[in-house]
Each structure stands twice: as structure tokens, then as C-alpha cells.
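Taking it in order: structure first as C-alpha cells, then the write-up.
Each chain gets a letter, A, B and so on, in the order the sequences are listed, and its residues count up from 1.
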Amino acid sequence: MKHINHRDVVVIGGGIIGAAIAYYGSKSGLEITVFEKNELGSGTSSKCDGDILAVDKDPGFNSQMALKSQKLVHELHTELDTPFEYRNYGSILVCENDMELEAAQKWVKQQQNAGLDFRMLDREDLRNESKYFADDLLGGLECQTDSMVNPYLFTYSLFEGAKRYGAHIHTHTEVVNLYKNQAKQFVIETNQGTFTANKVVNACGVWAPFIGKMLDIDIPIKPRKGQIIVASRQKPVGVRNVMEFGYLISKFGGERKVDPLIEKYGVALVMEPTESQNFLIGSSRQFNGYETKVDNEVMKCIAHRAVRFYPKIADMTVIRAYAGLRPWTADHLPIISQVEAIPGFYIAAGHEGDGISLAAITGKLIEEMINETNTSVPIEPLSLNRFHASLEHSFD
Amino acid sequence: MTERIIDHPILGKMEDVNHVTFSFNNRVYKGLENESLAAALLANGIRTLRYQEESGSPRGIYCNIGHCYECRVTVNGQPGIRACITPLKEGMTVESSGQLKIKEKEV
Amino acid sequence: MFKAIIIGSGPAGLTAAITCAENGLDVLVIDEYMSAGGRLLGQLYEQPDGSWWNGLRESKNLYTTAISLGVKFHFNTSVNNIEKRNNRWVVYTEKGTFYTENLLLATGAAESPVPVPGWTLPGVMSVGAAQVMTNVHRVKPGKRGVIIGVNVLSSVIAMELHLAGVEIACLTLPKMNSIANKEGNPSQVLDSLLHVSHMATSPLIRYGSKLLKNDFIKNLGIHFYPKKGFKMWNTPIQLRKAVIEIYGKDEVEGVVVAAIKANGEVVPGSEERIQADFVCIAGGLYPLVELAALAGCPFFLVEELGGHVPLHSEKMETPLEGLFVAGNITGIEGAKVAAAQGRTAGLAMAIHSGIKGLDTEIRHSMDMVKQTRESADIQFHPEIEVGRKRILREWEISQTSKQNHEALMG
């Protein structure tokens, strides 16, 4: 018989979510083992931007959760040994027409009522923010608590921290089968041998449904492709993360006044200055399976959009472009949940474009669920049941 | 100091080429037509081509064949041009980019 | 629309272009550089028979032949992206978009950087940069230099710099760290140096290289090499010292070296300064494969070939129809092997575009690649054969599974 390794908690997935779970879990005293099929952070966590945002979250539960996460990241900034290019300058949304400006005013009011640090910006404020903005922009809004990190370094930094607390990290270890044995332990077959565990957390992002399938669990996550251009900073364009208000509309599936190609590819401006003096310019939203090829036409759309808001950016040098897959859910909230049917099985996936923003709170929540302590935010809105309940409901 | 290798034991004498005039950071220099901008600058003793945008530390050529982008300068008003793969032409105006003065946000 | 487009005008690309044109294909060659030749341009070394390999002259000859056959060239043109649309390869460049049914990637190799404290100072450059400055542009990279990294490429370039009247204070190793690992380990460095021994004028290294083929003696060699190092082409080589820092206020003023033990550790208190006005970093070459990755080629990490290489056949085809590779993108070897591969690729492209009667010629060409490899003057990796066999085996596996799949799909 093959030698079987037994573990307490196994986290499947070595991206930002797995990293945060490993960190908070091992810090709380749990014995954590992580299985990653490739390298750490080699999936979505290195094909994204590094914004830690509340500005784009639905007012209420979602934005409160984001705010909690921001506070945790602020603490991690001093807590973790490896710096991860943390900058908490706040972020802004810009509006290009009256319709957007009106919607922005409503948005700010709602967020303020929910207790978040939001305010409106007028044309003058924008001019002071950057002289590279297009002249015709009407205004925008600002969220003071937003911050930026290098997502790749953030992932590593959390894993380094987790290791210090005794977590075991296995890279190039792919889970090929997962089931429960008669002793009610999980049996995890990997390409590096078979393990058993008391608890398993599925932190596989867009690949979470494949792990779910091994246990006959349907996890309603779909990959939503996004592309980003990396451009070289040649002028002091700004230090804060800037998005167009249309980004919110694009994210939540509303209707925008833009040309058909921009609409087709779900392109909306995100402009993130990195600490190393370059820009990440995004992004697009497409459902196109699991392919991650950079599409030239989409790149052009993203570049056009950036030039629309920053005309002079046309002179700057593009360094490269990349595409990644966001783990999309129908209600734009992640699944951070125990699975009732399978005690000891947890899901932490489906963050769409908020994996970096919400990683810290996700890690904390999973730790709290496993330790059966009070959770930092209510977890009902994040449960897997919400999808299955509505599914049953729709059959009525 | 750097200098041109006029006579080479194996490669022989340098071929005759046109001399051209160009400017770098508002000073006028001479170089050889169609040699790389980086070579022309080095032949004039210039190693520092730009200053890193954030730290302001000086940078020169590194790979010399267009891969690393360390040698980017502004040529005739166009920024981000790699000096190592740009042929020198008469009357070129070359400027090195400097440190970006970025107002630091309060943290 | 061109019958063939070739990206890269080094020895592989130029030879492929000539071969395509000889077989009646209209060819466009695209290169980012200002002129044809690629890495061949800077090469200059004495061959075992005493004649000189002059890369500048070789490049010019190939280019002139290509031009006389009607090959078109776009220099100073960077390729941003390639993709397959409607059964054609689309090549996006700064100067327009081009289309073809036969695309060859002959992008060559890049040098691995070895970060050493102070390496961003002006005056620090890759060893290949110093070679191009010296042999192509005929501008001395400086008066006195230090080369960090002792390998086949840096040893040859040290000799070339010496030839041009540039003083090399020494060749030495970088202090070992996780990134500079391989270039910093004395026993591995000696291993790689065995493959330039025919060019060594120093009796010590000549004698040494014969002796050192035995692992046991090689280990002795490390421990018994004189602390002051030895000389190759009048250039001191320091395997017992490593550069721990490059210093200078605004430009390079010198390096700090320290003694290192055979396992690569620094001996405390052994630091000394060597003055220099330029420093070359020699981290070795790796295949430049980005375009193959963009195209969606499968890759294999083959240490003996210098890194990740796209899957390819002996006929230089990739699994993607109409996409070919040749030269250092397939593995790090000398210019002569690259050229031989280029000829094979050119023939494969001609066959793919419908030219008949080339079967014998391409078989002969494939044999030539092997012969050239066996008689190569400079070998970049001692186990190059192993690497080549590995990738061919992977090709066969992929072909077999493709056939099985096709049989299954009926």
C-alpha cells in the first residue's frame, strides 16, 4: 500500500486567495497545506491589476466587506516581511457625460450613507489631479480609502508569511481526484502522491468548478477574460488609480453610450500607475472560455479608450499586453462558503475582478469559519446556497 | 574616455562614411551617418542616456541590440526611442528623459 | 501578401530567406535592428584551421546574396504581435500589418542578466553589447573593463576586446545568489570552459582542459587553481574571486571583488577594488521565444538548449501549420548551425507552399545540420545532443498522439 500523508487543512490553489487563507489560517494556529498545480500566483493573480478598491463595490454589504479588506491590507503592509508595493493614495472615477455624472452623484450619496469616504470631484479637481486628462471631462468622484499593491508580490508576501507560521506549500502539485473515505476524511490524489485531510478549501478561482465536480458539487463560476496593456511612463501622468465611471456600468452589465466595439468587448478604462513607474491600462470583459490569448482588436479598443481620457498617452511606449481570466459569478459576489452537503469542504472563489481587493477578508473569513469563531462580516450573502436556492426557486 | 577603433588587426581600416552633426541635450556633436545613436554618443564620451523616472539614477546602454529598453531617449520630439537601434541622421535632436517630478500623495 | 515572411535577419533568417527565394518564393524579412546579420555581425574568432571567422563579412555576403535574389527587407521594424486569422499568419509591426502562409521565427537569443549591486550604472553593459560596440560600430566600450561571468561567450568576447586594443582587467564570477546561481559556481564554469579550449593560448588552460574531463580531477582543479587565477589570451581569469559590487558615482569607476570558496561563499575581509571604466555582464544566452509563445506554440524546458524552446521537428516545423522556427530560438548553438537550420527551414517552407521535388534536398539539409553541429568550433552546452534528442522525442510523441486522435475522430 502506498504511504499516505495526513494533513489537517488542505488549501487547493496557490493564487492570492489561497495565499490569504494560508496566511490567516496558519497565523491562527491551523496546520495548513497548500497544493498549487503550477507556480504560486501563476494564474489570475499575475494576470490582473493591483487595485484594492471600494470605489466600484455596490453600496452596502459589498462595499463594507471591501472596506474591511482594505483595513486588513493596511495592517498587512506593516505585518508582512516582504514589501508588496503598497500605496494608499485613494482612487478616482471620471465621468465623460451628464448621464454618468448624475449616476456618480447618486453613487457617492449611497456610499456616504453607508459610511464610506467618498466625495465628488469637479472639472477643477480633475485638472489639479493631472494635466493630462482630456479637456472635456466633466468631473468624477474620489474614494479616499482605496489603495494599490503589486498583486504578484502581495501573493508571495502572504505565502512567505504563511510559511513563517508553519504552512506547507507544494507547487507543481495538481489535484487529480478528491473524495471522502469511510473514515470521513478527504482523500486528495495528486500527481505527487495521495494525501488525506480533515478539511479542504477550494481556492481555485476560475478552476474551482473542476474541483467541485470531483465531489459532485456545482460551482457556478465562469471565466470572464480581461486584457491589460503595460505602458511605460514617460510623463508624470498621476499617482492614483483612475477609472472611468463606465467601468461600473460595464462590470454590472448596464448600458453605456459608447461605440459598438467598445461595448462588445466590455472595454472600460482603468489606469493604474505601478510603483516601478509603468502603467497598467485596462481592461476588457469577455466570456470566451478558458483561452487567454491577447487579442489585437481588443488591445486597440483599450488603447483608444485610454487615449480618449488621456489624449497625450498616445505618444507613450507600450511594453507588453496580457490576458487573464476573472472568476465571474452571476451576482458579482464571491463564494466564501461551507458546503452543507459535504462537511469540512469550503469554497473561496468567484471574486471576478475583486480577488486582490477581497483576498484579505476572504482569508480571514475562511480562517474564522474553520475555527468556528464569529465572522468579521456576515457570511450569508456569500454562501453557495444562494445560487442553489434561486435555482430551486426558478423551478417552482 | 572612449574612442573609435580606426584600425583593427583583423577587420582592417574603418570604411569611409559621412560625418553628420546632431545635438544631445542642447549640445552639438559629430557622428557617423547611420551608425547607431548609442555608438555616436559613446564615441563622444557620453554614457548617460537617461535618468530613471522614479529614482533619477543615471542609465546607459545595456544590451545594445534593442531588447532591454534601457537606452531610450527622445528623438526629434518622439519619446521612448531606443538609441542602440536608431541610425544617426544629420540634424537629429536628441534629449535624455529625466526624473519625473511626482507629487507624492500623503500616506 | 508574401509567400514567406521571416522575422529575424541573423544567420538562420538570412539563409532561410535565400533558400526560399532560390525556390521561387517572394520573401519579406523583418528585423528590429538597423542592418542584417543579427548576432553574427559581431562575431570574430580564429578557427581551429587558423583562418578567421568574420561575422561582419559573413553577414554582408548573405545579405548581398538575398538582395540579388529579390528578397525584401524591412529593418528598424519591431514586430508587436502575430496571430493566425483566416488560415493566414498576420504579422503586426510598427510599420504596418503583413500577411503570409509561411512564417519563420528566427528571432535568435537574448542574454540573461545577472543582477550585481551597482549594475544599473552607465558603463555596465551585457558582454554582447560590448562586442557589438567594438566589432560592428568600432567604438571602444571603454579603456579598461571587467567581465563578470565566465562562460563560452564571455571568453570569446574577452579575446575580441583584447584584439581591438581594449584592456580587460579580469574575467571573474558574480557572487552567487539565487538568480546568479549557475554563472557563479566555479566547477560549473570550468565545465563550460572546456568547450573553448582549442582557442586557448595559455598552456595552463589547454593542459587543464584535457585533465579536467575527469570529474575527480575537475574538483581538484578548483581547489588547486592559483589564487591569482590564470590567463587566457592575456586576460586574467579569476575563478576564486567574485564581484560583490560595481561602484561609481554617476558612472562605473570599478568593481569590488572578494575571494570565494569552492562552494561559492565569500571569504570575509578579502575584498579588494579593481578600477575600470566599463563592466560587462555575461549571464549566457537563452532562446528568444516570445513570438512563438504568442502564436500558441507548445514549449519544453530543455536545459541543454538554453531554456524554454518551442516544440519543433527536424524539418523546423512547429505543430502550428505554416509556422516554422530556426536558429537560436530552437536552442543555443553557433551561427553555422543556425545557418544550416535556416536552410532546412527555407526548404520546408518551399515544400509547404507547394514546390515539388525537394525531398532529397531537405534530407540532405537535415544531415548537414547534424554534421555542422558535430564539427562546431564553439559549443555552448556540452550536452547539446541530449537536448536536441529530447525535443525530437517530444515531437514524435505529439505526432503519434495527433495521429491517434485523428484515427479516433475517423
Side-chain angles (χ1 to χ4, degrees), chain B residues 1-17 31-52 54-71 75 78 80-89 96, chain C residues 31-35 38-39 41-42 44-46 52-57 75-78 107-111 113 119-143 160-166 248-252 277-278 281 288 290:
Chain B
M1 263 307 285
T2 51
E3 51 185 278
R4 292 193 189 271
I5 305 157
I6 309 293
D7 231 332
H8 190 286
I10 308 297
L11 297 170
K13 271 199 181 317
M14 266 182 94
E15 286 172 38
D16 279 336
V17 266
L32 307 179
E33 188 170 27
N34 290 327
E35 73 176 332
S36 81
L37 209 44
L41 287 164
L42 186 59
N44 281 287
I46 296 166
R47 286 196 189 281
T48 303
L49 303 183
R50 62 179 252 273
Y51 296 88
Q52 210 268 343
E54 188 182 21
S55 65
S57 63
R59 298 295 170 93
I61 61 155
Y62 182 75
C63 81
N64 207 15
I65 52 170
H67 293 157
C68 75
Y69 280 77
E70 276 293 86
C71 65
V75 176
Q78 175 70 43
I81 302 291
R82 289 167 282 177
C84 70
I85 58 168
T86 301
L88 180 68
K89 304 285 178 195
S96 60
Chain C
D31 199 297
E32 192 168 49
Y33 203 63
M34 310 177 294
S35 51
R39 279 193 188 278
L41 279 171
L44 186 67
Y45 62 86
E46 198 176 0
W52 283 81
W53 174 256
N54 178 344
L56 207 58
R57 195 173 56 212
F75 292 115
N76 281 115
T77 306
S78 302
T107 44
E111 283 184 71
W119 76 311
T120 59
L121 279 171
V124 181
M125 62 193 84
S126 75
V127 76
Q131 181 185 44
V132 170
M133 263 316 167
T134 307
N135 295 345
V136 182
H137 300 307
R138 303 282 289 267
V139 177
K140 290 184 180 178
K143 268 198 155 33
E160 294 172 6
L161 289 166
H162 180 70
L163 208 59
V166 178
K249 194 173 160 279
D250 298 316
E251 291 178 358
V252 169
D277 66 347
F278 77 101
I281 291 185
L288 199 62
E290 286 97 330

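- Interface remark: C/R57 contributes no atoms to any contact with chain B (heavy atom separation under 4.5 Å).
- Using a 4.5 Å cut-off between heavy atoms, B/I10 contacts chain C through its side chain alone, with no backbone atom that close.
- For the pair B/R4 (side chain) and C/R138 (backbone), a donor-acceptor distance under 3.5 Å is absent.
- With a threshold of 4.5 angstrom between heavy atoms, B/A40 does not approach chain C through any atom at all.
- Residues meeting the ring-ring contact (aromatic ring centres under 6.0 Å, His included) test with B/Y69, sequence neighbours left out: none.
- Interface residue C/E251: only side-chain heavy atoms are found under 4.5 Å from chain B.
- Ranked by heavy-atom pairs under 4.5 Å with chain C, the list B/K13, B/Q52, B/E35 is led by B/K13.
- Using a distance-only test at 3.5 Å, with no hydrogens or angles considered, a donor-acceptor pair links the side chain of B/R47 to the main chain of C/D277.
- Looking at B/I6, only its backbone comes within 4.5 Å of chain C, counting heavy atoms on both sides.
- Both the backbone and the side chain of C/T134 come within contact range of chain B, with heavy atoms under 4.5 Å apart.
- Listed for the C/N76 side chain is no donor-acceptor partner under 3.5 Å among the backbone atoms of B/T86.
- The CG atom of B/L11 sits 9.0 Å away from atom CH2 of C/W52, with the distance rounded to the nearest 0.5 Å.
- B/N64 contributes atom CG, which lies 7.5 Å from atom CE of C/M125 (distance to the nearest 0.5 angstrom).
- Between atom SG of residue B/C84 and atom NE2 of residue C/H137 there is a gap of 8.0 Å, rounded to the nearest 0.5 Å.
- The choice from B/S57, B/C63, B/G60, B/G66 that makes the most heavy-atom pairs within less than 4.5 Å of chain C is B/C63.
- Of the listed residues C/V127, C/L121, C/N135, the one with more heavy-atom pairs under 4.5 angstrom with chain B than any other is C/N135.
- Each of C/L44, C/L288, C/V136 has some count of heavy-atom pairs under 4.5 Å with chain B, and the biggest count is that of C/L44.
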